[in-house]
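Presented below is the structure to which this report refers.
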Amino acid sequence: MSQTLPTPKPVLDAHVLVHLARSSQDVFSRCVTLALEATRATTVLALLHRPCREELEVVAAAGHLAEQAVGRTFRWGEALAWRVFVAGEAYLAPDAHTRADAHFISGQARPGMYLGVPLTDPDGQVIGVLSIDTTDSAETLGDGDAQTLTLLGQAAGVAYARWLALERAQQTAHRFEQLARLSAELESLQTPDEIARRALETLLDLSGFTTGAVFERCGESQVALTVLAGHLGEGDLNAVRLHQPHAPTGLVAQVLDTQSTLVVPDYPRWCQASPVAVNQIHTALAAPLRSRGRVGGVIGLAHLGQVHEVSPETVTLLEMVAAHIDRATERAAGVEHLRRMREAALRGVGRVLERRDGETFGHTDRVTGLAVRLGEALGLSPAALQHLRWGAYLHDVGKVAVDDQILRKPGPLTPAEREAMQAHVVVGDDMLRDEAFVPREVRQVVRSHHERWDGAGYPDGLAGEDIPLLARIFSVVDVYDALISPRPYKPAWPAEAARAELARGAGRQFDPRVVQAFLGLPS
């Protein structure tokens, strides 16, 4: 009677991984498949060491219950793989089901053998473990399998290191591309909160953290939460009190005190953790925000789901974004200061013109405020409202070229005088055309605020919606203020009479929709 010999196990070319893998993840997917074919095991797992959490994580699996295995993590001593990782050499357990530190994916100890070998990088450092078992199988494992898997683990480590270096280089390039795009976007934003929110969105996208926040310094001893982005969590983390000035605690306090970036990998165990967030934040890092050499706030990232690895690249990224915010905020502050100076200068021009024109004192401020209210009621954008406001300041700038005898004449004007008076809108447009900071929309208010809806206005005889919207809006408030204000040639009208006159002019002199919106404004 002849004895049946076991079928020889296939020869494994471990270095095929180096040539065929297409990504760092693909390395281990191919690794476990090759190991399963070479050993005829029941299950094969590839586990990587996660230093920030001190865990081994299953990143790839093949064979029985493979789908259930991927993503599982094992803390120190929870699996035989830890013995392999610590010793840095192969380990064979013939009766794994009798071991207290053996882990079974199914949750039940079953007969079989276990073999684990280290996954090593090109420098020989252990980065994980390749584990196989023969649960519920007659297959046996021996020294030959250990040698085969050791070679496979080394090849996988080499391939993984190569792909990881390439992917990190690609990530770095992507980060710099995103930072370049962010830098350009920050140039167009006007307020510190807008700048900080957009920067946090980019940081969360690139870092994998769940939540970002900016705290602004209020005086010397208090801070306030000004921007919160990403997953906001529940309870205390989003408490209203954080938005109110309060004494800084935890990470924010430490960054303000040290004026440097701080990383806390395991926040709940950190001795200086803030009790406000200790139940939610698992990993956190923060950097100071500076303005003109002074720390004026803190920008921070947190992971609310679990302990999250903080790479040196992430710290560098946070500091780079903080620097971008610093520069953009200073630029925005400079732009805002310049805008206010321009606003004041333009308002001053309008008030000088109203005095020369004999207008009732306050005409410029009244028509400007009323025009903005009407523009808001019509849903204008912030940019359009600014153009309308500037147009209101400058609407009569061309009258500087009109003779005083015509400008202040109490009685009716002759045809020649009327022609000279009407020319002021063209003169004003021409005067502002060479001023680079005056947008075209502002000049349209100056030129076209005497056009009529029926086409009978001046200087271009425009009609209907051919008249620029801002000019149509301003013409209504300009006529209204002229009616309710005393002039050398007429007394002031009552407000109700002036509103009735605007209603009569709707569809002839004025845009009906604009008049309707004006009449709907609160008195």
Side-chain angles (χ1 to χ4, degrees), residues 17 21-36 41-91 93 96 99 101-107 114-121 125-133 135 149-150 152-165 167-168 171 207-210 263 265-269 282-283 302-314:
L17 280 176
R22 293 292 176 263
S23 68
S24 60
Q25 176 58 41
D26 188 42
V27 167
F28 295 115
S29 297
R30 290 178 181 273
C31 178
V32 295
T33 300
L34 287 172
L36 190 69
T42 303
T43 307
V44 181
L45 306 179
L47 304 96
L48 282 182
H49 181 229
R50 303 303 189 193
C52 66
R53 304 192 298 266
E54 200 52 47
E55 294 175 341
L56 289 173
E57 179 183 353
V58 179
V59 295
H64 185 57
L65 300 179
E67 292 184 359
Q68 295 182 30
V70 174
R72 291 201 181 187
T73 57
F74 303 101
R75 290 189 177 274
W76 183 272
E78 288 182 345
L80 290 172
W82 272 108
R83 181 182 181 117
V84 179
F85 181 83
V86 173
E89 59 185 25
Y91 175 71
R99 296 289 303 271
D101 54 351
H103 179 88
F104 292 84
I105 301 300
S106 65
Y114 168 85
L115 174 61
V117 300
L119 294 168
T120 54
D121 66 15
Q125 296 295 314
V126 180
I127 59 173
V129 176
L130 182 59
S131 294
I132 68 173
D133 67 75
T135 302
L149 292 188
T150 297
L152 182 59
Q154 292 171 350
V158 169
Y160 177 68
R162 289 183 180 180
W163 273 106
L164 198 61
E167 289 166 356
R168 284 177 174 170
Q171 290 173 357
S207 69
F209 278 78
T210 61
V263 178
D266 194 345
Y267 193 84
R269 298 183 183 182
H282 290 266
T283 299
H303 202 291
L304 306 188
Q306 60 185 14
V307 174
H308 188 69
E309 184 174 358
V310 183
S311 66
E313 292 82 6
T314 299

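Since the model is a prediction, treat every value here as computed from it, not as a measurement.
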Asp121: salt bridge (charged side-chain N to carboxylate O under 4.0 Å, His left out) partners, not counting sequence neighbours: none

Sequence neighbours left out, what passes ring pair (Phe, Tyr, Trp, His ring centres under 6.0 Å) with Phe74? Give chain and number order. His103

For residues 57-76, pull every pair meeting salt bridge (Lys or Arg N to Asp or Glu O under 4.0 Å), keeping only residues two or more places apart or in separate chains. Arg50-Glu57, Arg53-Glu57, Glu55-Arg75

Just to verify, what does Ala66 make a side chain to side chain contact (heavy atoms under 4.5 Å, CB included) with, not counting sequence neighbours? Ala61

Distance-only, no hydrogens or angles: does the Gln25 side chain make a donor-acceptor pair with backbone N or O of Ala60 under 3.5 Å? no

Grab the two heavy atoms, one from Ser131 and one from Ala81, that are nearest each other, plus how far apart they are. OG-CB, 3.9 Å

Are the side chains of Val32 and Leu45 in touch, meaning some heavy atoms are under 4.5 Å apart? no

Can you tell me how far CD of Glu89 sits from CZ of Arg83, rounded to the nearest 0.5 angstrom? 9.0 Å

Are any side-chain N or O atoms of Ser23 and backbone N or O atoms of Trp163, one a donor and one an acceptor, separated by less than 3.5 Å? no

Nearest 0.5 angstrom please: Leu65 CG to Phe104 CZ, how far? 12.0 Å

Hits for side chain to side chain donor-acceptor pair (under 3.5 Å) against Thr283, two or more places apart or cross-chain, chain-then-number order -> none

Could you tell me which residues satisfy side chain to side chain contact (heavy atoms under 4.5 Å, CB included) with Ala161, sequence neighbours excluded, listed by chain and number? Pro122

Listed by chain and number, what are the side chain to side chain donor-acceptor pair (under 3.5 Å) partners of Thr42, not counting sequence neighbours? none

Partners passing ring pair (Phe, Tyr, Trp, His ring centres under 6.0 Å) against Tyr114 (at least two apart in sequence or in another chain): none

With Phe85 as partner, the option from Leu80, Leu119, Val126 fulfilling side-chain contact (heavy atoms from CB on, under 4.5 Å) is Val126

Those residues that, when tested against His64, pass side chain to side chain donor-acceptor pair (under 3.5 Å) (two or more places apart): none

All side chain to side chain contact (heavy atoms under 4.5 Å, CB included) counterparts of Thr33, not counting sequence neighbours: Glu37

Say you draw a straight line from CG of Leu149 to CD1 of Ile132; how long is it, rounded to the nearest 0.5 Å? 4.5 Å

Test Asp101 against Trp82 for side-chain contact (heavy atoms from CB on, under 4.5 Å), laying out the working first. CA-CA 9 Å; Asp101 54 351; Trp82 272 108; over 6 Å; no

Let me confirm one number: the CG-SG distance from Leu36 to Cys31, rounded to the nearest 0.5 Å. 11.0 Å

Determine whether Gln154 and Thr120 satisfy the following criterion, side-chain contact (heavy atoms from CB on, under 4.5 Å), listing intermediate values before the conclusion. CA-CA 5 Å; Gln154 292 171 350; Thr120 54; 3.6 Å; yes

I'd like to check Phe28 versus Val70 (side-chain heavy atoms, cut-off strictly below 4.5 Å). Are they in contact? no

